[in-house]
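Here the structure is laid out as structure tokens; the discussion comes afterwards.
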Amino acid sequence: QVQLVESGGGLVQAGGSLRLSCAASGRTFGRYMLGWFRQAPGKEREFVSAIIGSGGSTYCADSVKGRFSISRDNAKNTVHLQMNSLKPEDTAVYYCAAKSSTIGVKVGYDYWGQGTQVTVSS
């Protein structure tokens with residue numbers, strides 16, 4: 001069982017930066033793949049980025065490649081999403097998710113946080 005709590009969202013101007021954090025429970029945190037998803041009003045939830053249990057491999061959506069970076073600290077049971085060069089279209093609720101399976105990157109997540117709002121003004 002894993003519980004996830006996101007933080008770090010807020011209001012920022014276009015071109016600015018935010019760093020999202022996700023605190024997780026569970027002594028087997030390092031065995032889970034972690035992902036970030038986002039959902040804007042009227043749109044479906046979309047994949048943003050993911051990182052494997054060891055932190056050795058990362059994945060990201062084309063829409064954020066080169067601007068966002070995911071990282072994890074297994075000793076502290078945390079995962080982060082550094083967001084740079086933010087655009088108004090990045091405005092959404094951002095969710096942290098976790099899964100034990102490494103088959104697939106965008107699907108199969110077992111646990112979800114409740115989300116944190118990110119708003120980017122133009």
Side-chain angles (χ1 to χ4, degrees):
Q1 295 291 329
V2 177
Q3 295 185 42
L4 306 169
V5 180
E6 304 95 335
S7 63
L11 175 65
V12 64
Q13 295 186 71
S17 299
L18 282 174
R19 183 172 183 262
L20 304 184
S21 297
C22 176
S25 65
R27 59 182 181 274
T28 59
F29 179 80
R31 300 179 182 178
Y32 288 83
M33 177 177 285
L34 300 174
W36 286 97
F37 293 75
R38 66 186 183 186
Q39 186 170 26
K43 297 183 179 180
E44 296 182 353
R45 184 173 298 183
E46 66 174 347
F47 170 79
V48 176
S49 189
I51 186 168
I52 65 171
S54 68
S57 297
T58 61
Y59 310 86
C60 62
D62 289 341
S63 60
V64 304
K65 190 174 297 182
R67 300 188 297 120
F68 292 10
S69 178
I70 190 171
S71 62
R72 67 190 294 163
D73 186 338
N74 290 342
K76 296 181 178 180
N77 282 12
T78 57
V79 60
H80 307 281
L81 184 68
Q82 179 66 48
M83 306 186 295
N84 300 322
S85 301
L86 283 162
K87 304 175 181 179
E89 50 263 45
D90 294 319
T91 295
V93 176
Y94 283 70
Y95 298 89
C96 178
K99 67 172 185 171
S100 59
S101 174
T102 58
I103 305 301
V105 175
K106 302 179 181 181
V107 298
Y109 287 84
D110 306 302
Y111 308 98
W112 294 82
Q114 294 187 358
T116 185
Q117 177 71 47
V118 171
T119 302
V120 184
S121 61
S122 60

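This structure is a prediction, so every number in the text was calculated from the model and none was measured.
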query = Taking all non-hydrogen atoms of both residues, which atom of Ala92 and which atom of Gln117 are closest, and how far apart?
reply = O-NE2, 3.5 Å

ask   = So Phe37 and Phe47, would you call those rings parallel, tilted or perpendicular, with 30° and 60° as cut-offs?
value = perpendicular

Residue pair Asp110 / Ser100, side-chain heavy-atom distance below 4.5 Å = yes

key: Salt-bridge contact Asp90-Lys87 (side-chain N to carboxylate O under 4.0 Å)   = no

Ala50 backbone acceptor or donor facing Lys106 side chain under 3.5 Å = no

request  = State, with a plain yes or no, whether a side-chain heavy atom of Lys76 is found less than 4.5 Å away from one of Ser21.
outcome  = no

key: Heavy-atom side-chain proximity of Leu86 to Phe68 below 4.5 angstrom   = yes

query = What distance do Gln114 atom CD and Leu4 atom CG have between them, rounded to the nearest 0.5 Å?
reply = 10.5 Å

inquiry  = Please check this pair: side chain of Ser25 against backbone of Gln3, looking for a donor-acceptor N/O pair closer than 3.5 Å.
reply    = yes

task = Measure the CH2-SG distance between Trp112 and Cys22 for me, rounded to the nearest 0.5 Å.
result = 11.0 Å

key: Nearest atoms (heavy-atom pairs only) where Ser122 meets Ala14   = CA-CB, 4.4 Å

task = May I ask you to test the Glu6-Trp36 pair for a side-chain heavy-atom distance under 4.5 Å?
result = yes

message = Using side-chain heavy atoms (C-beta onward) and a distance below 4.5 Å, is Ile52 in contact with Tyr59?
response = yes

remark   = Which of Leu11, Leu20, Thr91 passes side-chain contact (heavy atoms from CB on, under 4.5 Å) with Val118? Answer is Leu20

request  = Look at atom CD of Gln39 and say whether more than 12 heavy atoms of other residues, nucleotides or ligands are closer to it than 6.0 Å.
outcome  = yes

inquiry  = When you compare the side chain of Glu46 with that of Arg38, does any pair of heavy atoms fall below 4.5 Å?
reply    = yes

key: Minimum heavy-atom distance Gln13-Ser121, with the two atoms named   = CA-OG, 3.5 Å

